[in-house]
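Order of the sequence lines sets the chain letters (A, B, ...), proteins ahead of strands, with each chain counted from 1.
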Amino acid sequence: ETGVTQTPRHLVMGMTNKKSLKCEQHLGHNAMYWYKQSAKKPLELMFVYNFKEQTENNSVPSRFSPECPNSSHLFLHLHTLQPEDSALYLCASSSDSNYGYTFGSGTRLTVV
Amino acid sequence: SQQGEEDPQALSIQEGENATMNCSYKTSINNLQWYRQNSGRGLVHLILIRSNEREKHSGRLRVTLDTSKKSSSLLITASRAADTASYFCATGMYTGTASKLTFGTGTRLQVTL
């Protein structure tokens, strides 16, 4: 247990479904991140939140919609996904520019 | 956009040997970090080296940073089977609002008995 909890661990969804990924941290970190990890590709930064304000959206398609209600919780709402969106989605948090990130265990998403 | 590239992509060694992984990057950085990932799990932070540092140690890990060559290396000494994992370098930049990490493609390390 790293201190960053992601649920669910696995998710299978159809292209017309709507689902949400949840991330929670109680480390007192002010910044939270969503990354996508696909096979044979580097981790891709999707969204950055700092003190619950979105500071970066890395040209992510609108079918991915983030929500950060407070500094401890981060959601990724999914709708009308494509099979190529199947990947491991990782949440991370950090507290300072010169400290490492703490990652959750990820959600393995399969779009069918 | 991809910042770090690790070399080699895969490395297989025997237990007790040293493992060296290299990372090259393209732009200026605040720090460079190394992470480890066991199969299909989250990443674990190993070590961070600031842009004004040249070498750092943590247990069996030794990291070097050469900002003039835009490169870093991670040395794992006296490797163990439990070190089998993928290792990623990531370049850190503070954008004024949050720290942003950009990852490389990783080195897959296999340590055999």
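Formation of a donor-acceptor pair under 3.5 Å by the Thr105(B) side chain with backbone atoms of Pro42(A) is not found in this model. A donor-acceptor pair is defined here as one N or O able to donate and one able to accept, closer than 3.5 Å; no such pair exists between the side chain of Glu53(A) and the backbone of Asn50(A). Between the side chain of Ser72(B) and the main chain of Thr64(B), a donor-acceptor pair closer than 3.5 Å is present.
Neither the backbone nor the side chain of Tyr49(A) has a heavy atom closer than 4.5 Å to any heavy atom of chain B. The contact between Tyr35(A) and chain B is made entirely by side chain atoms (from C-beta outward), counting heavy-atom distances below 4.5 Å. Proximity to chain B is absent for every atom of Gln6(A), based on heavy atoms less than 4.5 angstrom apart. Only the side chain of Gln37(B) comes within contact range of chain A, with at least one heavy atom under 4.5 Å from a heavy atom of that chain.
Taking 4.5 Å as the heavy-atom cut-off, the residues of residues 104-112 of chain A that approach chain B are Gly104(A), Ser105(A), Arg108(A), ordered by number.
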Result block: side-chain N/O donor-acceptor pairs under 3.5 angstrom for residues 106-113 of chain B, not counting sequence neighbours:
{"unit_1": "Thr107(B)", "atom_1": "OG1", "unit_2": "Pro8(B)", "atom_2": "O", "d": "2.5"}
{"unit_1": "Thr112(B)", "atom_1": "OG1", "unit_2": "Ile13(B)", "atom_2": "O", "d": "3.3"}

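If you run ring pair (Phe, Tyr, Trp, His ring centres under 6.0 Å) between His45(B) and each of Tyr35(B), Phe88(B), Trp34(B), only Tyr35(B) comes through.
Contact tally against chain B (heavy-atom pairs below 4.5 Å) for Gln37(A), Glu44(A), Lys41(A): the top residue is Gln37(A).
Taking CG of Leu32(B) as the start and SG of Cys89(B) as the end, the distance is 5.5 Å to the nearest 0.5 Å. Distance CD1/Ile47(B) to CZ/Arg62(B): 10.5 Å, rounded to 0.5 Å.
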Discussion item. Using side-chain hydrogen bond (donor to acceptor under 3.5 Å, both in side chains), reason through His29(A) and Ser94(A) one step at a time and then give a plain yes or no.
Written reply: CA-CA 5 Å; His29(A) 292 170; Ser94(A) 71; 6.0 Å; no
